[in-house]
Trainee: 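One structure is given below, represented as structure tokens, and several questions about it will come after.
All figures in this text were calculated on a predicted structure; none of them were measured in a lab. Lettering of chains follows the sequences in order, A, B, ..., and the numbering in each one begins at 1.
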2 protein chains.
Amino acid sequence: MVKRLTQRRVTREDVASLAGTSVAVVSYVINNGPRPVAEATRERVLQAIRQTGYQPNSIARALASGTSRTFGVVVPDISNSFIASLAHELLQESMRYGHVMLLGDSGDDCQREREIIQGLLNRQVDGLIYISADRHPHTDMIRRNGTPVVMLDGVEPEPGVSVLRMNERQAAREATAHLLSHGYREVGIITGPARMLNSRDRLQGWIDAMGNAGLAINPQWVVPADYTRHGGYQAALQLLAGPGYPRALFICNEQMATGSLRAFHQQGIRVPDDLAIVGFNGTDQGAYLLPSLTSVRQPIADIAATAIRLLHTWQADAGLHEIRHYLDVGESCGCPAGSPLTESGRGKYETDNY
Amino acid sequence: MVKRLTQRRVTREDVASLAGTSVAVVSYVINNGPRPVAEATRERVLQAIRQTGYQPNSIARALASGTSRTFGVVVPDISNSFIASLAHELLQESMRYGHVMLLGDSGDDCQREREIIQGLLNRQVDGLIYISADRHPHTDMIRRNGTPVVMLDGVEPEPGVSVLRMNERQAAREATAHLLSHGYREVGIITGPARMLNSRDRLQGWIDAMGNAGLAINPQWVVPADYTRHGGYQAALQLLAGPGYPRALFICNEQMATGSLRAFHQQGIRVPDDLAIVGFNGTDQGAYLLPSLTSVRQPIADIAATAIRLLHTWQADAGLHEIRHYLDVGESCGCPAGSPLTESGRGKYETDNY
DNA sequence: CTGAAAGCGCTTACAG
DNA sequence: CTGAAAGCGCTTACAG
């Protein structure tokens with residue numbers, strides 16, 4: 001029968017004395033090393049562990065061994081569905097390595113982000129996944145600490161800081177080019193906050209595509225927002241308030257696309273008939289919007305697997321790793337009939353051909 | 001100038017020797033106790049901390065003090081937007097107490113959930129917030145460990161296990177009653193997975209309301225699904241496949257409501273004109289669906305604040321804490337014109353009057 | 001007000 | 001193959 005120990009926690013000492021060995025041997029058994037243990041001894045130890053219900057204290061282990069079996073992930077806002085989906089995959093992946101995850105949510109606050117990172121470093125995380133809320137990420141303290149870090153941002157890699165990212169600018173260019181390929185000439189954009197790196201890259205990609213096509217940019221159709229649904233809603237209303245509105249729109253994330261669809265619907269603007277839309281990033285949800293959202297996408301599970309692997313096989317000079325992206329075609333861009341639609345009205349294809 | 005220390009980490013020892021004191025005094029300064037320190041000494045220590053860039057090792061602190069300044073949160077799936085929103089609030093709230101959060105995502109897997117909890121307990125979390133993927137939560141190991149735990153599930157509290165929840169059954173009854181109050185008599189339901197506690201409570205509430213109104217239950221209009229968007233989509237199609245379909249529908253979460261709206265749209269069913277809908281839980285997003293979703297809601301920030309507070313002021317006999325809920329009225333239920341709509345087509349009110 | 005020292009529960013050379 | 005012991009970086013009675 002298992003003993004109920006409410007008072008003191010069972011420690012290695014208890015197991016050792018019950019098994020009639022030293023605590024060192026208990027360690028060797030639990031960790032399968034670094035010294036060999038006779039089979040009979042091992043059995044006695046395992047038996048003692050079962051009898052006592054012993055559970056190793058990870059904190060003590062971390063202090064003694066220097067590895068906490070913990071990763072940290074820092075994000076601007078976990079309630080963003082793209083980030084949440086990514087976090088889900090990261091958690092599944094790190095679990096495969098026996099690691100748990102410390103989650104830091106900066107709430108889009110740059111100063112708080114710094115505190116969070118410091119807190120995670122002080123807790124001896126074995127590695128950090130970092131999506132910054134600002135274009136000046138706090139890599140200084142991480143590098144000084146020597147902790148492996150993979151940034152999922154559009155920054156340039158530095159020594160000691162790996163970067164895993166898609167080519168945001170190119171992807172934005174392709175998304176815009178897709179709209180242009182439908183014959184739309186008047187194309188606007190709803191951007192994210194200027195302080196964020198990916199906002200600027202996506203804006204720049206849109207500018208590139210317009211320039212490549214020899215099209216003029218109408219400043220009134222460059223509407224800044226904040227990556228939220230409400231921001232997208234407001235931006236759409238603002239766009240409609242102007243004298244005339246564009247024929248097509250590149251919206252820089254899924255949440256804003258969701259909000260803007262609501263606004264267009266309320267104002268009687270039909271998507272894609274009156275105004276076509278292509279979005280960026282996002283989740284499963286885009287397929288269920290009305291109309292379903294054509295959007296640039298990233299393979300989230302691959303990103304997570306690669307990020308965790310980079311931490312595990314860490315080399316300070318790992319550098320830059322690029323993620324492929326693809327255009328997930330739904331109804332919102334007004335693709336001609338005959339495009340490969342599934343039950344939920346969308347198909348996907350690589351955009352290499354652009 | 002700050003010394004760059006790449007080799008060895010700065011420890012309390014370094015600070016102490018630079019300040020010409022003992023490590024104990026450094027502790028007293030950093031922790032503001034438990035012994036007083038002369039002002040001059042304190043200054044020397046603070047100066048030494050600045051000079052060395054010393055950062056306390058939280059792992060060592062946890063081992064010595066017994067408190068890790070870490071909470072754990074265990075959820076079925078962080079990519080669910082309601083859960084993600086809740087996690088966001090929990091993170092903001094725990095940060096106010098100087099705690100970081102270990103996040104465990106079981107991926108709806110009951111066995112994995114157990115491993116995760118064990119992992120968090122071994123890491124000496126100061127408390128646990130727990131949403132189970134199954135109606136048999138793993139409270140045994142938590143209780144044995146003596147770790148404070150707040151369950152956000154519809155379980156009954158036990159000694160050592162606090163429960164913070166809304167009255168799901170009553171809320172579901174009210175949601176259904178709202179549909180009935182519009183005069184609809186044929187009301188169906190799309191439920192969550194039977195293994196989960198809240199699925200059954202919500203189903204039961206719907207049954208209650210139907211019974212109270214003296215209405216017969218059509219088994220074909222009780223469609224089981226799995227709380228996902230795709231599940232809701234499929235369930236809606238299944239409902240439409242039968243001979244006839246109900247006039248109204250209670251859909252047990254927001255994700256499924258999102259999926260079903262897509263299905264109804266594709267099949268030419270107008271919501272709410274042909275079929276009215278009330279949802280359950282969910283996020284900001286419900287307001288941006290087309291039509292906007294009428295839904296039972298919970299005050300997420302309050303839940304988070306209360307949960308963290310319960311952990312902080314822990315008493316093993318804390319018991320049950322009920323969360324109020326309200327009905328957030330959008331367009332999907334077909335409320336008569338004149339209801340208090342905002343810009344995004346919704347209003348909210350308490351449901352105490354039901 | 002300050003310091004020497006035990007202790008938190010592990011890991012891991014080192015010696016046998 | 002096994003054990004005694006130092007050490008990880010802190011906290012905190014205890015004695016001065």
Trainee: Which ring pair (Phe, Tyr, Trp, His ring centres under 6.0 Å) pairs, counting each pair once, include a residue from residues 108-147 of chain A, with sequence neighbours left out?
Mentor: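 Every pair satisfying ring pair (Phe, Tyr, Trp, His ring centres under 6.0 Å) with a residue in residues 108-147 of chain A: there are none.
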
Trainee: Give me the atom names and distance for the closest heavy-atom approach of Ser106(A) to Arg112(A).
Mentor: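 Nearest heavy atoms, Ser106(A) then Arg112(A): O-CD, 3.5 Å.
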
Trainee: Does atom CD of Gln47(B) have more than 12 heavy-atom neighbours, drawn from other residues, nucleotides or ligands, at distances under 6.0 Å?
Mentor: yes

Trainee: In whole angstrom, give the distance that lies between atom CD1 of Ile59(A) and atom P of dT11(C).
Mentor: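 Atom CD1 in Ile59(A) sits about 13 Å away from atom P in dT11(C).
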
Trainee: Side chain of Ala38(B) only, heavy atoms from C-beta on: which candidate in dT2(C), dG9(C), dC10(C) is closest?
Mentor: dT2(C)

Trainee: Could you pull out every donor-acceptor pair under 3.5 Å between side chains of residues 17-25 of chain A and any protein atom, sequence neighbours left out?
Mentor:
{"unit_1": "Ser17(A)", "atom_1": "OG", "unit_2": "Asp14(A)", "atom_2": "O", "d": "3.2"}
{"unit_1": "Ser22(A)", "atom_1": "OG", "unit_2": "Ala24(A)", "atom_2": "N", "d": "3.4"}
{"unit_1": "Ser22(A)", "atom_1": "OG", "unit_2": "Val25(A)", "atom_2": "N", "d": "3.4"}

Trainee: Can you check the Leu121(A) CG to dG9(D) C1' distance for me, whole Å?
Mentor: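 Value for this atom pair: 17 Å.
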
Trainee: Please report the distance, rounded to the nearest Å, between CD in Glu13(A) and P in dA4(D).
Mentor: 11 Å

Trainee: Determine which pairs satisfy ring pair (Phe, Tyr, Trp, His ring centres under 6.0 Å) with at least one residue from residues 9-60 of chain A, sequence neighbours left out, and list them in order.
Mentor: none

Trainee: For dC1(D), does OP1 or OP2 lie under 4.0 Å from any side-chain N or O of Thr41(A)?
Mentor: no

Trainee: To the nearest Å, give me how far apart CG (Leu63(A)) and C1' (dC10(C)) are.
Mentor: 8 Å

Trainee: Using the C1' atoms only, state how far dG16(C) lies from dT12(C), rounded to an integer number of Å.
Mentor: 16 Å

Trainee: So does Arg12(B) get a side-chain nitrogen or oxygen closer than 4.0 Å to the phosphate oxygens (OP1/OP2) of dT11(D)?
Mentor: yes

Trainee: Which dot-bracket notation, 5' to 3', represents the base pairing of DNA chain C when pairs are defined as Watson-Crick or G-U with both distances under 3.5 Å, crossing pairs as [ ], and inter-strand pairs as |?
Mentor: |||.||||||||.|||

Trainee: Check whether more than 12 heavy atoms from other residues, nucleotides or ligands sit under 6.0 Å from atom CD of Glu43(B), and answer yes or no.
Mentor: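 Yes, enclosed.
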
Trainee: It should be established whether Asn57(A) places a side-chain nitrogen or oxygen under 4.0 Å from OP1 or OP2 of nucleotide dC8(C).
Mentor: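 No, Asn57(A) has no side-chain N/O under 4.0 Å of OP1/OP2 on dC8(C).
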
Trainee: Extract from the structure each pairing of a protein N or O with an N or O of nucleotides 13-16 of chain D at less than 3.5 Å, listing the distance.
Mentor:
{"unit_1": "dA13(D)", "atom_1": "N6", "unit_2": "Tyr28(B)", "atom_2": "OH", "d": "2.8"}

Trainee: Can you tell me how far P of dC8(C) sits from CD of Gln55(A), to the nearest Å?
Mentor: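 After rounding, the reported distance stands at 20 Å.
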
Trainee: Between Glu39(A) and Arg44(A) (salt bridge meaning N to carboxylate O under 4.0 Å), is one present in this structure?
Mentor: no

Trainee: Taking 4.0 Å as the cut-off, does a side-chain nitrogen or oxygen of Thr11(B) come that near to OP1 or OP2 on dC8(D)?
Mentor: no

Trainee: Whether Ser65(B) contacts dT11(D) is assessed here as follows: a side-chain N or O lying under 4.0 Å from the phosphate OP1 or OP2. Is that the case?
Mentor: no

Trainee: I'd like to know if Arg96(B) pairs up with Glu93(B) as an ion pair, taking the criterion as any Lys NZ or Arg NE/NH1/NH2 lying under 4.0 Å from an Asp or Glu carboxylate oxygen.
Mentor: yes

Trainee: Any ion pair linking Asp134(A) and Arg114(A) (charged N to carboxylate O, less than 4.0 Å)?
Mentor: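 No, Arg114(A) and Asp134(A) are not salt-bridged.
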
Trainee: Could you check how far CZ of Arg44(A) sits from P of dG3(D), rounded to whole Å?
Mentor: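 Distance check: Arg44(A) CZ to dG3(D) P gives 8 Å.
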
Trainee: According to ring pair (Phe, Tyr, Trp, His ring centres under 6.0 Å), does anything in residues 63-87 of chain A pair up with another residue at least two apart or in another chain? List the pairs.
Mentor: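 Counting only pairs at least two positions apart or across chains, the ring pair (Phe, Tyr, Trp, His ring centres under 6.0 Å) contacts touching residues 63-87 of chain A are Phe71(A)-His99(A), Phe71(A)-His312(A).
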
Trainee: Indicate, with a heavy-atom threshold strictly under 4.0 Å, whether Thr21(A) touches base, sugar-phosphate, or nothing.
Mentor: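 It contacts sugar-phosphate atoms only.
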
Trainee: What is the distance, rounded to the nearest whole Å, between atom CZ of Arg61(B) and atom C1' of dG9(C)?
Mentor: 18 Å

Trainee: On DNA chain C, nearest-nucleotide positions of Val37(B) versus Ala60(B): which is more 5'?
Mentor: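 The residue mapped nearer the 5' terminus is Val37(B).
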
Trainee: Please report, rounded to the nearest Å, how far the P atom of dG9(D) is from the CG atom of Asp14(B).
Mentor: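 These atoms are roughly 9 Å apart.
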
